[in-house]
Amino acid sequence: MTIRPSTPPPPGSQQSGNKAEPPYQARIDAYRGIPVFRIARPRERNMGWRSFNPSVRSQFESLLDRFEPDLVHAHCVQQLTASAVEAVRDRKIPDTVTVHDAWWISDF
């Protein structure tokens, strides 16, 4: 199971990323046969500084209940927040988190 925040589509696409989905709506895609779950996050002021989001956790827990994954890869927790990771760890599901260059968080 991979979960990512909804991201804006490529230029010229007819879709509009977060604008196409109500806030916290989940969308299921696949990449090379692996399910990818996306949760639309509303654009918020200073959203990069928000560490936890109960609405993300609630939506994410619904996905965990529905799909009962054996392993979770969280990609881009900067927008999902640590709430998704907490939900996985509270259920003791093995997980991995991709960490990117967090230039907006650290001066280093």
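All heavy atoms count here, side chains included; hydrogens, waters and symmetry mates do not. In this chain, numbering begins with 1 at the start of the sequence shown. All values derive from a computational prediction rather than experimental measurement.
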So [Y] and [X], do their side chains get closer than 4.5 Å, heavy atoms only?
X: Pro69; Y: Leu64; result: yes
X: Phe60; Y: Leu80; result: no
X: Ile93; Y: Leu71; result: no

Testing the basics here: between [X] and [Y], what is the closest heavy-atom pair and its distance to 0.1 Å?
X: Ala74; Y: Val85; answer: CB-CG2, 4.4 Å
X: Ala26; Y: Gln59; answer: N-NE2, 3.1 Å
X: Thr81; Y: Ser51; answer: CB-O, 3.1 Å

Problem - Non-neighbouring partners of Ser58 that pass side-chain contact (heavy atoms from CB on, under 4.5 Å), sequence neighbours left out - result: none
Exercise for the section: Any chance you could lay out the side-chain contact (heavy atoms from CB on, under 4.5 Å) test for Asp65 and Arg91, step after step, and finish with the verdict? Expected result: CA-CA 10 Å; Asp65 291 341; Arg91 294 174 185 228; 2.8 Å; yes
Handout entry: Derivation of the side-chain contact (heavy atoms from CB on, under 4.5 Å) call for Phe67 and Ile28
Key = CA-CA 11 Å; Phe67 293 96; Ile28 303 171; 3.6 Å; yes
By side chain to side chain donor-acceptor pair (under 3.5 Å), which residues pair with [X], not counting sequence neighbours?
X: Arg66; value: none
X: Asp70; value: none
X: Asp29; value: Arg27, Arg38
X: Thr98; value: His73

Practice task
Mind jotting down which residue pairs meet the salt bridge (Lys or Arg N to Asp or Glu O under 4.0 Å) criterion with at least one end in residues 71-87? Sequence neighbours excluded, please.
Solution key: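 Non-adjacent pairs meeting salt bridge (Lys or Arg N to Asp or Glu O under 4.0 Å): Arg57-Glu86.
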Handout entry: Cluster overlap Phe52 with Val77, hydrophobic side-chain contacts below 4.5 Å
Key = no
Practice task
Please answer whether the main-chain N or O of Ala40 pairs with a side-chain N or O of Gln25 as donor and acceptor at a distance below 3.5 Å.
Solution key: no
